[in-house]
Visitor: 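What follows is a structure written as structure tokens; I'll ask about it next.
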Amino acid sequence: MATSTSSKLNKAVKQQYMGLPQGDKVQAMYIWIDGSGEGLRCKTRTLDCEPKTVEDLPEWNFDGSSTYQSEGSNSDMYLIPAAMFRDPFREDPNKLVLCEVLKYNRKPDDNNLRHTCKQIMSMVENSHPWFGMEQEYTLLGTDGHPFGWPSNGFPGPQGPYYCGVGADKAYGRDIVEAHYRACLYAGVQICGTNAEVMPAQWEFQVGPCEGINMGDHLWIARFILHRVCEDFGVIASFDPKPIPGNWNGAGCHTNFSTKEMREDNGLKVIEEAIERLAKRHRYHIQAYDPRGGLDNARRLTGHHETSNIDEFSAGVANRGASIRIPRAVGQDKKGYFEDRRPSANCNPYIVTESLVRTCILKEEGDEPTEYNK
């Protein structure tokens with residue numbers, strides 16, 4: 001199995017240095033989304049004392065011409081701290097700092113979808129929108145081949161791998177366990193994990209998170225996964241259909257509810273929201289992957305537990321529908337629904353924003369409504 005050379009470095013030697021005292025200084029790793037809309041970048045600075053809130057963190061900058069975010073002739077971009085987590089790699093008192101990106105004129109970068117999401121979430125605070133996102137991903141060797149698969153062939157067909165146990169069924173559990181514990185340490189609202197249907201494919205769940213926190217926590221969970229995989233010498237892929245053919249793709253099923261939906265007779269509110277979603281299918285498909293639906297077209301075929309990308313559907317306990325109402329919700333007449341359309345590489349800020357726009361703000365049409373700031 002092709003693993004990176006860096007993973008073979010002696011980790012015990014590294015630990016000798018990581019155990020050295022750092023005095024009163026704090027290392028803050030600033031993290032941001034690059035111009036691809038999918039990639040994460042990071043760099044570290046030293047602080048004189050431990051920050052207690054995001055407001056204690058200074059702004060910073062970076063060279064946007066090297067991250068697909070600006071021209072070389074005017075390349076400085078601003079990093080604005082937005083959310084702070086404990087650092088599971090350097091440990092306390094060090095921090096992970098998720099940042100928004102501003103251009104040279106201090107306007108949001110084109111891929112700074114957090115900026116608009118936060119505005120929309122502030123408009124619906126009284127509805128208390130809750131989200132839970134189920135992040136599927138695939139472990140690959142550095143050669144791009146799925147981790148643990150035969151080098152010149154395929155493993156046995158799907159069936160025994162979902163929530164499987166055993167060396168012939170679960171490929172890469174060490175990575176999953178390390179990621180789970182690192183997220184808990186960091187303060188990420190991770191709530192579960194399991195092996196998925198395709199071998200070398202896994203899922204972790206984040207939530208429930210309210211409003212803007214959903215995007216913040218999922219992006220940091222993704223960052224931590226990439227860093228854990230780096231230590232193990234493998235790659236975490238969020239490609240919605242990493243292996244063509246008779247293999248499951250990878251999504252990011254999004255569970256959503258409002259205060260009204262969670263209260264008695266909330267099922268009526270859920271059904272009304274689904275009716276609005278049905279009329280706005282095209283808008284959501286465009287929002288649910290970074291390429292306006294092109295990535296999801298490879299996954300949403302109507303097979304392998306997916307709906308057809310061109311058709312909207314909904315049903316109780318139906319994993320082949322666009323929207324699934326869990327059976328317990330149908331019985332209790334209240335709760336939440338699951339949107340199964342978002343791709344594994346979706347941007348959680350635009351996914352959660354679009355659900356709020358359609359279900360709470362009751363927008364219509366293929367374009368988002370512009371509001372006065």
Side-chain angles (χ1 to χ4, degrees), residues 4 6-7 9-33 39-57 79 81-99 114 130-137 139 170 172-195 202-236 238 252 348:
S4 73
S6 62
S7 69
L9 294 173
N10 190 321
K11 305 303 181 186
V13 172
K14 175 191 171 186
Q15 209 52 43
Q16 172 186 338
Y17 297 99
M18 296 304 289
L20 293 171
Q22 59 188 73
D24 295 329
K25 302 295 185 181
V26 172
Q27 291 173 285
M29 179 174 280
Y30 281 46
I31 301 161
W32 71 97
I33 302 160
L40 286 163
R41 306 291 178 118
C42 62
K43 63 176 186 170
T44 303
R45 67 182 298 165
T46 303
L47 305 177
D48 290 331
C49 60
E50 182 178 0
K52 301 302 181 184
T53 67
V54 172
E55 287 71 30
D56 295 335
L57 294 159
L79 291 172
M84 184 171 67
F85 297 80
R86 297 168 72 196
D87 188 337
F89 306 103
R90 294 168 172 151
E91 300 185 4
D92 290 337
N94 305 300
K95 306 296 180 186
L96 301 180
V97 182
L98 183 65
C99 298
R114 186 184 191 276
W130 288 4
F131 304 93
M133 299 187 79
E134 306 170 19
Q135 177 68 70
E136 295 178 338
Y137 62 95
L139 295 176
R173 192 185 298 276
D174 286 353
I175 294 165
V176 174
E177 294 295 334
H179 173 252
Y180 201 152
R181 190 61 61 88
C183 283
L184 289 173
Y185 181 94
V188 171
Q189 199 70 25
I190 188 170
C191 59
T193 188
N194 59 270
W202 296 81
E203 173 183 299
F204 64 88
Q205 301 95 32
V206 176
C209 295
E210 185 166 331
I212 196 68
N213 291 330
M214 183 67 253
D216 292 348
H217 281 245
L218 189 65
W219 273 116
I220 287 295
R222 287 175 173 178
F223 174 82
I224 291 172
L225 179 62
H226 285 309
R227 276 287 286 105
V228 168
C229 285
E230 186 181 319
D231 284 343
F232 281 94
V234 299
I235 296 166
F238 296 113
C252 194

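Heads up: numbering here begins at 1 and tracks the sequence.
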Visitor: List the atom of Tyr185, the atom of Pro88, and the distance in Å for their closest heavy-atom pair.
Guide: CD2-CA, 3.5 Å
Visitor: Do Gln189 and Met214 touch side chain to side chain, with heavy atoms closer than 4.5 Å?
Guide: no
Visitor: Which heavy-atom pair separates Glu134 from Gln205 by the least distance, and what is that distance?
Guide: CG-CG, 3.9 Å
Visitor: Nearest 0.5 angstrom please: Ile224 CD1 to Cys229 SG, how far?
Guide: 12.0 Å
Visitor: Does Arg181 CZ have over 12 foreign heavy atoms under 6.0 Å away?
Guide: no
Visitor: Indicate yes or no: at least one non-hydrogen side-chain atom of Val26 is less than 4.5 angstrom from one of Pro51.
Guide: yes
Visitor: Would you mind reporting whether Cys42 and Tyr30 have side-chain heavy atoms less than 4.5 Å apart?
Guide: no
Visitor: What are the two closest non-hydrogen atoms of His179 and Ala221, and how far apart are they?
Guide: NE2-O, 3.0 Å
Visitor: Step by step, would you call Leu218 with Phe131 a side chain to side chain contact (heavy atoms under 4.5 Å, CB included)?
Guide: CA-CA 11 Å; Leu218 189 65; Phe131 304 93; over 6 Å; no
Visitor: With distance as the sole test, does Asp56 use its side chain to make a donor-acceptor pair with the main-chain N or O of Thr53 at under 3.5 Å?
Guide: yes
Visitor: Identify the two heavy atoms, one from Pro93 and one from Lys25, that lie closest to each other, and give their separation to 0.1 Å.
Guide: CG-O, 4.4 Å
Visitor: Check for a donor-acceptor pair, side chain of Asn213 on one end and backbone N or O of Cys209 on the other, with a separation under 3.5 Å.
Guide: no
Visitor: For Asn10, does the CG atom have more than 12 heavy-atom neighbours from other residues, nucleotides or ligands under 6.0 Å away?
Guide: yes
Visitor: Quick one, Val234 with Ile175, criterion side chain to side chain contact (heavy atoms under 4.5 Å, CB included). Give me CA distance, side-chain angles, the key distance, then yes/no.
Guide: CA-CA 9 Å; Val234 299; Ile175 294 165; 3.3 Å; yes
Visitor: Can you name the nearest heavy-atom pair linking Arg222 to Phe204, along with the distance?
Guide: N-CZ, 4.4 Å
Visitor: Report the distance from atom CD1 of Ile220 to atom CG of Leu98, rounding to the nearest 0.5 Å.
Guide: 4.5 Å
Visitor: Using 0.5 Å steps for rounding, measure from the CD atom of Gln135 to the CH2 atom of Trp219.
Guide: 9.0 Å
Visitor: Going by heavy atoms in the side chains, are Leu57 and Leu47 under 4.5 Å from each other?
Guide: yes
Visitor: If we only count heavy atoms from C-beta on, is the Ile190 to Leu184 side-chain gap below 4.5 Å?
Guide: yes
Visitor: Considering all heavy atoms of both residues, which atom of Trp202 and which atom of Gly172 are nearest to each other, and what is their separation?
Guide: CZ2-C, 4.1 Å
Visitor: Please step through side chain to side chain contact (heavy atoms under 4.5 Å, CB included) for the pair Tyr137 and Glu203, ending with a clear verdict.
Guide: CA-CA 6 Å; Tyr137 62 95; Glu203 173 183 299; 5.9 Å; no
Visitor: So, taking the atom named SG in Cys99 and the one named CE in Met84, what distance separates them when rounded to the nearest 0.5 Å?
Guide: 11.5 Å
Visitor: Under 3.5 Å, is there a donor-acceptor pair between the side chain of Thr46 and the main chain of Gln27?
Guide: no
Visitor: Quick one: pull up CD in Gln15 and CE in Met18 and give me the separation to the nearest 0.5 Å.
Guide: 6.5 Å
Visitor: When you look at Glu50 and Asn94, which way does the side chain to side chain donor-acceptor pair (under 3.5 Å) test go after all the steps?
Guide: CA-CA 7 Å; Glu50 182 178 0; Asn94 305 300; over 6 Å; no
Visitor: Looking at side-chain heavy atoms only, is the closest gap between Leu96 and Phe223 below 4.5 Å?
Guide: yes
Visitor: Could you please spell out the steps behind the side chain to side chain contact (heavy atoms under 4.5 Å, CB included) verdict for Val206 and His217?
Guide: CA-CA 7 Å; Val206 176; His217 281 245; 3.8 Å; yes
Visitor: Look up atom CE in Met29 and atom CZ in Arg90, then write down how far apart they are to the nearest 0.5 Å.
Guide: 4.0 Å
Visitor: State, with a plain yes or no, whether a side-chain heavy atom of Cys252 is found less than 4.5 Å away from one of Glu136.
Guide: no
Visitor: Please find out if less than 6.0 Å separates the ring center of His226 from that of Phe238.
Guide: yes
Visitor: Quick check: do Glu230 and Phe89 have side-chain heavy atoms less than 4.5 Å from each other?
Guide: no
